[in-house]
Amino acid sequence: RGPTGPQGPGPTTVRKGTGDDTNNTTTVANATGLNLALAANTSYTFEYVVLFQSSATGTGIGLAVNGPAGATVVSYTVDIPAGADGTGALFSGWGTAWDDVVLGTGVQAASTTYAAHIFGVIKTAGTAGNLTPRFRTEVAGNAVTLKDGSWGQLFTP
């Protein structure tokens, strides 16, 4: 059940089943199939597990979230693998506004699937809308691909 314990509501879950999304620019693009609906004047906790690949060794992914205008609280952390398997290398950063991009600085192997994690809280104001993960490449011209099978969860109090 949700973080409010056994009395609270269960999470809303989405799983990407719409095919892969690719971006080879340094402009953030929406991930398709991972929108989570947000009501007006409501507080949420959310998380995404983003599966991704890079077309080039040393090119990382940038991740952010976007949502309805006027939110009074937006805070999220992003963890992105940045080292060889088993070395414990993980890039962590945070955002405090929509589209605050956390930029991972490279991957160890091209065309290998990595799992990044986004976790955060949101308090919407008077506008409902969708929470949408967004992504970009670290290096223009080198594609990053957000993979089918990525998923997200939204918890309400």
Side-chain angles (χ1 to χ4, degrees), residues 1-23 25-54 59-83 88-107 112-138 143-157:
R1 309 259 347 174
T4 57
Q7 302 298 320
T12 300
T13 302
V14 292
R15 182 169 303 275
K16 185 170 176 50
T18 56
D20 297 342
D21 296 328
T22 300
N23 188 351
T25 74
T26 57
T27 302
V28 290
N30 289 343
T32 60
L34 291 173
N35 287 345
L36 290 163
L38 303 175
N41 301 308
T42 306
S43 296
Y44 297 96
T45 301
F46 68 91
E47 73 175 320
Y48 285 100
V49 174
V50 176
L51 304 175
F52 73 95
Q53 292 183 353
S54 176
T59 297
I61 190 170
L63 295 169
V65 294
N66 199 352
T72 59
V73 175
V74 176
S75 183
Y76 55 94
T77 59
V78 180
D79 295 323
I80 302 171
L90 188 66
F91 183 83
S92 293
W94 64 92
T96 56
W98 299 134
D99 286 337
D100 272 353
V101 175
V102 176
L103 188 59
T105 55
V107 296
T112 297
T113 301
Y114 296 93
H117 185 248
I118 306 171
F119 176 81
V121 295
I122 298 166
K123 182 174 182 183
T124 59
T127 304
N130 287 319
L131 177 65
T132 304
R134 294 169 53 88
F135 73 109
R136 58 165 271 200
T137 185
E138 176 193 10
V144 290
T145 301
L146 197 138
K147 301 295 288 176
D148 213 19
S150 298
W151 61 272
Q153 287 187 324
L154 186 67
F155 300 90
T156 55

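Along the sequence shown, residues carry numbers from 1.
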Run the side chain to side chain contact (heavy atoms under 4.5 Å, CB included) test on I118 and V50 for me, step by step, so that the C-alpha distance in whole Å, both residues' side-chain angles and the decisive distance to 0.1 Å come before the verdict. CA-CA 8 Å; I118 306 171; V50 176; 4.1 Å; yes
For T72, which residues count as a side chain to side chain donor-acceptor pair (under 3.5 Å) partner, sequence neighbours excluded?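 None.
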From [X] atom [atom1] to [Y] atom [atom2], the distance as rounded to the nearest 0.5 Å:
X	Y	atom1	atom2	value
T27	R136	OG1	CZ	8.0 Å
F119	T77	CZ	OG1	7.0 Å
T22	Q53	OG1	CD	9.0 Å
Y76	T96	OH	OG1	8.0 Å
D79	H117	CG	NE2	7.5 Å
T145	L51	OG1	CG	12.0 Å

Does the [X] side chain pair with the main chain of [Y], one donor and one acceptor, at a distance under 3.5 Å?
X	Y	result
K16	T32	yes
S75	V121	no
N23	A143	no
K147	S150	no

Apply side chain to side chain contact (heavy atoms under 4.5 Å, CB included) to V74 and W98, showing your working. CA-CA 7 Å; V74 176; W98 299 134; 3.8 Å; yes
Distance-only criterion, 3.5 Å: show the donor-acceptor pairs between side-chain atoms of residues 34-43 and protein atoms not counting sequence neighbours.
from	atom 1	to	atom 2	distance (Å)
N35	OD1	T132	OG1	2.7
T42	OG1	A40	O	2.9

Pair F46, L131 - check side chain to side chain contact (heavy atoms under 4.5 Å, CB included), show working. CA-CA 9 Å; F46 68 91; L131 177 65; 3.6 Å; yes
Taking E138 as the fixed residue, which of I61, V101, T105, T26 is the one that meets the side chain to side chain contact (heavy atoms under 4.5 Å, CB included) rule?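 Answer after filtering I61, V101, T105, T26: T105.
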Please say which of D20, T112, T113, I80 ends up in a side chain to side chain contact (heavy atoms under 4.5 Å, CB included) with F52.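 Among the candidates, only I80 passes.
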Non-hydrogen atoms of [X] and [Y] that approach each other most closely:
X	Y	result
P81	A116	CD-CA, 4.2 Å
A128	P68	O-CB, 3.6 Å
Y44	T124	CE1-CG2, 4.4 Å
P11	F155	CB-CE2, 3.3 Å

Does D148 come within less than 4.0 Å of R15, counting only side-chain N to carboxylate O?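 Looking at D148 and R15, the cut-off is not met.
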Take W94 and V102, measure what side chain to side chain contact (heavy atoms under 4.5 Å, CB included) needs, and give me the verdict at the end. CA-CA 6 Å; W94 64 92; V102 176; 5.6 Å; no
